[in-house]
Structure formats: C-alpha cells, structure tokens
There are 2 protein chains.
Amino acid sequence: MAEIRTADTRERILDAGERLFMAHGYEGTSMRLITSEAAVNLAAVNYHFGSKESLIQEVFRRRLDWLNEERMRVLVEMEDAAAGKPLKPSQIVDGFFGTLLRMADDEERGGVTFLRLLGRTLTEPSEFIRTFLAHEYATVMDRYKEAFFKALPDVPKAEIVWRFHFMLGATSYAIAGTDALASGD
Amino acid sequence: MAEIRTADTRERILDAGERLFMAHGYEGTSMRLITSEAAVNLAAVNYHFGSKESLIQEVFRRRLDWLNEERMRVLVEMEDAAAGKPLKPSQIVDGFFGTLLRMADDEERGGVTFLRLLGRTLTEPSEFIRTFLAHEYATVMDRYKEAFFKALPDVPKAEIVWRFHFMLGATSYAIAGTDALASGD
DNA sequence: GTCTATATCATGATAGAC
DNA sequence: GTCTATCATGATATAGAC
C-alpha cells in the first residue's frame, strides 16, 4: 500500500487553472471555481502558490519553459546546419510557429488548452499578466527577430517587426478559436 | 442661464465605460471605477442602463450601428458601380478593414479607443459579450463573405473564410496594441 | 434625475485545529 | 499538507429621500 493517493494536489490545481483561465480569463475565474474543479480545498492555492497572481504565473511558466527552450534549440540547430549561410524565412517561421503548433498534439505539454490560453492572453486585460508574458518571451523573441533580420537583409527592420506582429495576431486569434464571427455556417 | 449643466450623464458614462473596458476588460472594470471616472453617481449606471451587462452592450451598439451601416453602404456602392462585374478582392478588403481603420481618425465615432476595445473584445473571456458581438456582426459579415465568394470563385469557400479569419486576427491584434512581445526596442 | 444609504453576495486571503 | 471557519473587502443592485 502506502498509497500515492494525492495524485499531486499542486498539479491538479495547475491543470484546472489552465483550463479555467483559458475559458473565463483571469478576472473571470475565481479561486473557488478552480479548487472545486480540481477537487481540492480552497486554502490549497494559497498554500502551494501564495496567491492567485502567482498561480497563473506558474500555469504559464510550467509550459513556457519548455516552449522557450525548444524554440531556441530548433533555431540554433538550423543555424548550425546552415553553417553561416542565411536561413530561409520559412524555416524561421516554422521554428517559431511550427514549434508552437506542435504543442497542440502534445497533451503532456498542455495541448490545445494551453495554446488557446496563450493565444487569448496576448490581449488579456490584466496588465501584470501581459507584462509577465512579455518578460518570459523577451529573450526568444529577440533571437528570432535577429534571425529574420539576417534572413531578410533588404527588408527594413520595422517592416519585419510588423510582419511578425501580424503573423502572431493571426495565429493567436485562430488558436483562441472564439469564433466571434461565426454567424451562421 | 438655464445651464445645460448635465453635459449628459448617459454619454459621460458611455465614454468612461468605453475607455475603461478597453483598458481593463469587462470583468476587470467595476461600476465604481466607471462612475467615479465619469464623475457621476454610482447608481446612475443602473438607472440609465439597468445593469453592467446592458451598459457594455450599449457601449458597443453606439459605435457598431454606424460601422455596420457604413460597411454595408460602401459595399453596395461598389457593387452598383461595378454593374454586375465581380469586385476586386482588394476592394472588398478595403470596404471592410478600410472602413474600420478610418474610424480611428474619427473621434466622434470612438477613434482609437473604440478600435482597441473592439480588437480586444474578439478574444474577450466573457461569453455573453462574444455572443452579443457575433450577433451584431452577423449580417454584415455574411454579406462580405458572399462578396469574397463571388470575387474569388476558384478559391474554396472554407479557404476564404480562413483567410478572412486570419486578416481579422492580424488586424485586431495590431489594433489592440498590447505589445505583449515588445521586449526591448 | 440624482443622490445617500444599504442589502446581499462573492471574492481573495488567513488563522488555527487536526 | 489539508481541513474548517472566518475576516475584510469590494462587487452589483436597489429602495427611498430629495
């Protein structure tokens, strides 16, 4: 015996939080909702994470650490293989967005749920979350921007940044999948 | 004398609501914040609009009524001018997105503030808002989709719908302007 | 129409027994 | 580590004086 039993309270809170923050946003998700969904006690969130703010940051960090490393790994690998020659822009795009989309198939890494949460969070109203996200992203974003600059030496940098923005917006909106305009088909 | 004085309580609430919902989202904006910002009494929102839900719907309707009519007017005008010949896709794009972007310069119609609110609301967590927006948009969206179908008879309809989605996502994200990835430039 | 005052409820957080 | 019980606060909404 010696039953594992707990099935990890911490992890269950993170899973429930991820799903509920995705569905209702940060402000719209109460800790009562999270803990009842996770079938743990209300006080458990504060015990394990300290606060609701710290909880959502941990929800993101759990997935982003891997995503950041993977994106970086893929980029460096491509650059090494190219041996000094410039990468094709499509390669860089695939390194950034392809890596993200492959998370959708990986339930261990959050799957579609986390992808949607991430997509919606780019326009999340709560400022501390956007700030936190920007900070988490900063290093990798800068590396990819540099890669684009090198791959497209004739395109003004500001133009590249805009294109990156547009791709990111299109992707995140498609992923968020809110279907605000579904109308009737 | 006979002082106008009130400067329209109703309008002041709508203006404050528009700005604050844009900045903090629906759940993140309390009625106390709105009424204090608008320098009106707390009870005024319920008196004039009935509830917080009705208030935000009115915030949208005030602007969308005009936008919907204008988008429709522009499209019909182009179709009439074409006299049966198919429109160029770029014309349709301009009718839809150009009309929207021209609102940014029109302070009377909400300007940049409303545009940002609209952009962020496409991924708004509160479901009743997305449902409301989808309903408000439905008629015009369907008309524009039809126009694209006619203008691009060789492109599968599902493909056109996806492209529309991507444009919308890219636009709304650029407009929302949260700069979640600004990092350091 | 606008105010004050208040009802009612849900929230995030914590203290303290087990 | 996990529970119950509770605090303090802030939320939406409304009743009723002016």
Side-chain angles (χ1 to χ4, degrees), chain A residues 1-60 62 121 124-129 131-132, chain B residues 1-60 62 121 124-129 131-132:
Chain A
M1 319 296 148
E3 292 282 283
I4 317 280
R5 220 354 322 285
T6 44
D8 216 8
T9 298
R10 222 186 112 91
E11 214 71 15
R12 288 228 307 282
I13 294 174
L14 288 171
D15 288 342
E18 184 171 76
R19 219 174 46 72
L20 291 167
F21 286 137
M22 180 273 282
H24 309 116
Y26 177 73
E27 304 273 2
T29 305
S30 70
M31 289 173 43
R32 282 172 164 79
L33 190 60
I34 296 171
T35 50
S36 88
E37 181 84 10
V40 302
N41 191 270
L42 171 61
V45 169
N46 290 90
Y47 176 77
H48 286 283
F49 303 95
S51 69
K52 192 186 172 187
E53 288 204 5
S54 300
L55 168 60
I56 195 170
Q57 292 185 355
E58 197 51 38
V59 166
F60 279 108
R62 176 170 71 144
T121 305
E124 164 71 43
S126 299
E127 198 180 320
F128 86 92
I129 300 179
T131 307
F132 167 77
Chain B
M1 320 295 149
E3 292 282 283
I4 317 277
R5 228 334 342 276
T6 43
D8 217 8
T9 298
R10 222 185 111 91
E11 214 71 16
R12 288 229 307 284
I13 294 173
L14 288 171
D15 289 342
E18 183 171 76
R19 218 174 48 71
L20 292 167
F21 286 137
M22 180 273 283
H24 309 116
Y26 177 73
E27 303 274 2
T29 306
S30 70
M31 288 173 45
R32 282 172 164 80
L33 190 60
I34 296 171
T35 51
S36 88
E37 180 86 9
V40 301
N41 190 269
L42 171 60
V45 169
N46 290 91
Y47 176 77
H48 285 284
F49 303 96
S51 69
K52 191 187 173 187
E53 289 204 4
S54 300
L55 169 60
I56 195 170
Q57 292 185 354
E58 198 50 38
V59 165
F60 279 108
R62 177 170 72 145
T121 305
E124 163 71 44
S126 299
E127 197 181 321
F128 86 91
I129 300 180
T131 307
F132 167 78

Quiz item: Is there a side-chain polar atom (N or O) of Ser51(B) under 4.0 Å from OP1 or OP2 of dT12(D)?
Solution: no
Exercise. Quickly work out the His48(A) NE2 to dG12(C) C1' distance and round it to whole Å.
Key: 17 Å
Quiz item: Rounded to whole angstrom units, what separation is found between the OH atom of Tyr47(B) and the C1' atom of dT2(C)?
Solution: 9 Å
Quiz item: To the side chain of Asn46(B), which of dG12(C), dT2(D), dT14(D) is closest?
Solution: dT14(D)
Quiz item: Considering only heavy atoms, which members of residues 16-44 of chain B lie under 4.0 Å from some atom of DNA chain C?
Solution: Asn41(B), Ala43(B)
Quiz item: What pairs with Thr131(B) under side-chain hydrogen bond (donor to acceptor under 3.5 Å, both in side chains), at least two apart in sequence or on another chain?
Solution: none
Practice problem: Provide, to the nearest angstrom, the distance between the NZ atom belonging to Lys52(A) and the P atom belonging to dT14(C). | Solution: 15 Å
Self-check item: Phosphate-side-chain proximity, Thr9(A) and dG1(D), N/O vs OP1/OP2 below 4.0 Å
Solution: no
Quiz item: Pairs in or reaching into residues 31-56 of chain B: which pass ring pair (Phe, Tyr, Trp, His ring centres under 6.0 Å), with residues at least two apart or in two chains?
Solution: none
Quiz item: Just how far, in rounded Å, is P of dG12(C) from CZ of Phe49(A)?
Solution: 15 Å
Quiz item: With sequence neighbours left out, which residue pairs that include part of residues 27-42 of chain B fulfil the side chain to side chain donor-acceptor pair (under 3.5 Å) condition?
Solution: Arg19(B)-Glu37(B), Glu27(B)-Ser126(B)
Practice problem: Grab the two heavy atoms, one from Ser51(B) and one from Val45(B), that are nearest each other, plus how far apart they are. | Solution: O-CG1, 4.3 Å
Quiz prompt | Separation of atom CZ in Arg10(A) from atom C1' in dT2(D), rounded to whole Å | solution = 16 Å
Exercise. List for me each residue that meets side-chain hydrogen bond (donor to acceptor under 3.5 Å, both in side chains) alongside Glu18(B), sequence neighbours excluded, and say none if there are none.
Key: Arg63(B)
Quiz item: Quick one: ring pair (Phe, Tyr, Trp, His ring centres under 6.0 Å) pairs with a partner in residues 12-34 of chain B, sequence neighbours left out?
Solution: Phe21(B)-Tyr26(B), Tyr26(B)-Phe128(B)
